[in-house]
Amino acid sequence: NDDSRGSRATCARRVLQEILPLPQTCPPEVLGLRGAVYILYDVNISEGFNLRRDVYIRMAVFVRRLQRRRRFRQVRLVLPPWPRLYHWHSQGLQQAGLAWSHFFHLASLRRYAPVLDYEEFLAEQRIFGNPGAPLVHVAHGFRLQHYEVMLEQGIFRDKFERVADKPCSEGSLSGGPLLQQAELRVARFHCVRFQGSAGLLEKLLREAIAEDTTGPEDADDMRTYALLSAETVLHDHWGDEHFWQARRSMRFARRLDQVAAGFRQQALATTDASAEVQRPAMWELERPKRNAKGGDYLCAHLRRGDFVRSREATTPSLKAAAQQVKQLLRAFNMTTVFLATDATPYELMELKELFYRFRLVHFAPESNVQRRELKDGGVAVVDQLVCAYARYFVGTYESTFTYRIYEEREILGFSQASTFNTFCKALGGSCSRNAVWPIVW
Ligand code: GFB
C-alpha cells in the first residue's frame with residue numbers, strides 16, 4: 001500500500017519476512033538495489049546433487065566476503081535452478097528447473113549470504129532492471145576451465161587467464177541456453193582458464209567491471225555476471241569455520257524435515273527427544289557438543305548405481321555389505337538397520353533376504369502424491385536426514401552423499417566414532433576409509 005512507499009523500515013521488514021518477489025511499492029533506492037551486482041553460476045551437468053552443495057559453499061563464502069567491499073555491497077548470489085540430474089531416474093515427475101526452496105530453507109541460507117532463488121532474481125530484474133522486458137541481460141559470462149598443466153616447476157599457483165573465445169563459446173552455445181534459461185542473454189562470453197580458490201574470482205569480476213564502466217554513474221547500474229563450470233573453483237579454506245558456517249546455514253526445507261521426522265517417528269519410533277538430538281530453530285544458535293545419542297537404529301548408506309561399475313574396486317557386493325552391517329548390528333546389540341541406497345528394486349529385494357533375521361527399514365514415498373511432491377531429490381534428502389539421526393552410521397567410500405551425512409551428524413553433535421565409518425569391499429579386509437573432517441566452530 002502507499003504507506004510503504006519510501007519507508008525503508010517497512011520495505012526492510014517485508015524483505016525480512018521473505019515476501020518475495022519484492023513488492024513493486026518499494027523503489028530500488030529504498031531497497032538499496034542501485035548498484036546491485038548479481039552473480040549467476042552453474043555447475044557441469046554431469047555433477048551430482050551433493051557435489052553441487054559443496055560448490056554452493058565455495059560460492060556463498062566468496063559472496064559473503066565480497067559483500068564487505070564497497071563496490072560489491074549489493075552483491076547477490078543467484079541460485080541456479082536444479083536441472084534434471086543424471087541420477088534422478090523416476091519417470092513422470094517434473095524434475096527439471098527445480099527451485100532451491102524445494103530442497104533448502106532459504107531464510108537460513110540468507111542469514112549467511114545474500115542469495116536469491118532464480119525466480120526471485122527474475123522478479124528483481126523485472127521490477128527494477130528491465131521492466132516489461134522478456135530478456136535478462138548478462139554483461140559477462142565466464143566459462144571456467146582447468147589449466148592443462150597445473151604445476152609450474154612443481155608449484156601450484158593461483159592464477160587465471162582469458163583464452164581465445166572461439167572453442168569455448170561454441171561449446172557452450174551447442175550445449176543450449178545459458179543455465180538452461182531461455183531468457184538469459186550474454187553480451188560478452190569469455191573462456192577462462194582458472195586455477196585457484198574462490199577469492200580469485202573477485203579479480204576476474206573487477207577486470208570485467210573495469211572494462212564496462214565508462215563513467216561514475218555506471219557504478220549505480222545493476223549488473224549481472226555468470227560463472228559457468230563453477231566446480232572448477234576451489235574453497236578458500238576448506239573445512240575452516242567459514243566453511244562450516246555456510247554448511248550449517250544449509251538447513252533443509254521445512255517440508256523435507258517434517259517428512260523425515262514423521263518417518264523416523266512412525267517407522268523407527270524415534271523423536272528428537274528420544275534420540276537426544278537438539279537442533280535449535282536457527283543455525284546461528286548451534287553450539288559445539290558431542291552428546292547426541294541417536295535413534296535405536298543403525299543407518300547404512302550403500303551407494304550402488306554407477307559406483308558398482310565405476311568404483312568396482314571399493315564398492316562392496318550386496319552380500320559383503322550385508323555381512324558388514326550385520327556384524328555392526330550384533331556388536332551394538334541392535335536389530336534395526338535403516339538403509340539409504342540408490343539400489344534397484346531388484347537389489348533391494350535381494351538385500352531384504354540377506355537381512356532376514358534383522359529388521360531392514362527403507363524409505364519410499366507413501367503415495368504417488370508424496371512422490372510427486374518430494375521428487376527423487378527430496379526422497380534422497382529424507383534418506384540423508386534419517387541417517388543423520390541414527391545411533392551409528394556407515395557410508396560408502398568416496399561418495400559425496402555419504403560426506404554430507406557425516407557433516408550433518410557433526411553439526412548435530414554425534415561422536416566421531418559413530419559417524420566417520422566406511423564400508424569395505426569385503427568383510428574383515430583392510431580397506432581405504434573416508435577421511436575424518438571434524439567440525440570447526
Ligand atoms: O549426490 P551424489 O553426487 O553423490 O550423486 P555421490 C548420487 C545421487 O544418487 C544422489 C542418488 O544425489 C541421489 O540422487 N542416491 C545416491 C541416492 N545414494 C542414495 C540414497 O541412499 N538414497 C537415495 N534416495 N538416492 C557422485 C556422482 O555420486 O559420484 C557423480 O554424482 C560421479 O556423477 C561421482 O558418479 C563418482 O558422490 O555418491
Side-chain angles (χ1 to χ4, degrees), residues 42-58 80 82-91 93 95-96 98 100 102-104 229-231 247 250 252-253 256 259-260 263-264 267-268 297-316 318 321-322 325 337-345 347-348 351-352 360-366 370-390 393-409 421-423 432-435 437:
D42 201 6
V43 175
N44 191 327
I45 188 68
S46 62
E47 302 294 354
F49 187 80
N50 287 292
L51 181 93
R52 285 165 186 265
R53 287 175 65 187
D54 191 67
V55 175
Y56 166 78
I57 294 178
R58 302 172 210 178
W82 294 88
R84 177 165 185 160
L85 298 183
Y86 160 74
H87 304 94
W88 294 347
H89 299 300
S90 295
Q91 300 297 323
L93 301 178
Q95 308 211 71
L98 301 184
W100 276 61
H102 180 73
F103 299 111
F104 297 99
S229 300
E231 73 283 358
R247 175 63 184 81
M250 292 190 91
F252 288 118
L256 299 178
V259 174
F263 182 78
R264 281 200 313 270
L268 296 158
Y297 61 94
L298 180 151
C299 168
H301 172 232
L302 184 58
R303 184 75 162 79
R304 302 293 297 166
D306 46 337
F307 267 45
V308 178
R309 292 177 305 279
S310 65
R311 289 170 186 239
E312 204 266 328
T314 48
T315 305
L318 298 182
V325 172
V337 55
F338 173 78
L339 189 65
T341 183
D342 54 340
T344 62
E347 288 173 321
L348 260 182
L351 281 162
K352 278 183 187 147
L360 185 144
V361 178
H362 177 68
F363 174 76
E366 60 195 12
Q370 192 178 65
R371 184 178 298 283
R372 276 198 295 274
E373 181 200 354
L374 300 180
K375 309 179 195 296
D376 288 343
V379 171
V381 167
V382 172
D383 273 349
Q384 288 185 311
L385 276 167
V386 177
C387 288
Y389 283 74
F393 173 68
V394 56
T396 298
Y397 184 59
E398 288 187 334
S399 163
T400 53
F401 191 104
T402 283
Y403 292 148
R404 298 295 92 83
I405 297 171
Y406 289 166
E407 291 160 10
E408 206 69 23
R409 292 174 62 86
N421 305 296
T422 317
F423 272 116
S432 310
R433 313 274 168 169
N434 287 328
W437 291 105

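What's counted below: heavy atoms across the whole structure, side chains too, no hydrogens, waters or symmetry copies. When a ligand or atom number is given, it counts from 1 through the structure's own listing order.
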If we ignore hydrogens and angles and just use 3.5 Å, is the side chain of [X] paired with the main-chain N or O of [Y] as donor and acceptor?
X	Y	value
Arg84	Trp88	yes
Arg52	Asn44	yes
Arg53	Phe401	no
Asn434	Thr422	no
Thr396	His301	yes

Short N/O distance, under 3.5 Å, between [X] and ligand 1?
X	answer
Glu398	no
Tyr86	no
Val379	no

List the atom of Lys352, the atom of Leu360, and the distance in Å for their closest heavy-atom pair.
-> CG-CD2, 4.1 Å

Scanning both residues in full, the closest heavy-atom pair of Glu47 with Leu51 reads OE1-CD2, 3.3 Å

Under a 4.0 Å heavy-atom limit, does Arg52 contact ligand 1 with its side chain, its backbone, both, or neither?
->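 Neither; nothing of Arg52 gets under 4.0 Å from ligand 1.
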
Ser310 and ligand 1 - part of the residue with a heavy-atom distance under 4.0 Å |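 For Ser310, no heavy atom sits under 4.0 Å from ligand 1.
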
Taking the six-membered ring of Tyr397 (Phe, Tyr or Trp), confirm whether the NZ or CZ of Arg311 is under 6.0 Å from its centre and within 45° of its axis.
-> no

Considering the heavy atoms of [X], write down every atom of ligand 1 situated less than 4.0 Å from one of them.
X	answer
Arg311	36 (C)
Phe49	1 (O), 3 (O), 12 (O)
Thr400	2 (P), 3 (O), 4 (O), 6 (P), 37 (O), 38 (O)
Phe307	28 (O), 29 (O), 36 (C), 38 (O)
Ala340	20 (C), 21 (O)
Asp383	20 (C), 21 (O), 22 (N), 23 (C), 24 (N)
Ser46	33 (O)
Thr341	19 (C), 20 (C), 21 (O), 22 (N), 23 (C)

Looking at CG of Leu256 and CG of Asp383, how far apart are the two atoms once the value is rounded to the nearest 0.5 Å?
-> 11.5 Å

Output for pair (Arg303 CZ, Thr341 OG1), nearest 0.5 Å, gives 9.0 Å

Can you spot which of Phe338, Phe423, Tyr406 makes a ring-ring contact (aromatic ring centres under 6.0 Å, His included) with Phe393?
-> Tyr406

Going by heavy-atom distance to [atom], choose the closest among [options].
atom	options	result
atom 32 (C) of ligand 1	Asp306, Asp342, Leu302, Asp376	Asp306
atom 13 (C) of ligand 1	Ser399, Ala364, Ala380	Ala380
atom 10 (C) of ligand 1	Tyr403, Trp88, Phe401	Phe401
atom 28 (O) of ligand 1	His89, His87, Arg303	Arg303

Only counting residues at least two apart or in another chain, list the ones meeting ring pair (Phe, Tyr, Trp, His ring centres under 6.0 Å) with Phe307.
->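 If we apply the ring pair (Phe, Tyr, Trp, His ring centres under 6.0 Å) test to Phe307, skipping adjacent residues, there are no hits.
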
Could you check atom 1 (O) of ligand 1 against the protein and tell me its nearest heavy-atom contact, residue, atom and distance included?
->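 Sorting protein heavy atoms by distance from atom 1 (O) of ligand 1 puts Asn50 ND2, 2.7 Å first.
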
What's the shortest distance from atom 18 (N) of ligand 1 to any protein heavy atom, and which residue and atom give it?
-> His301 NE2, 3.0 Å

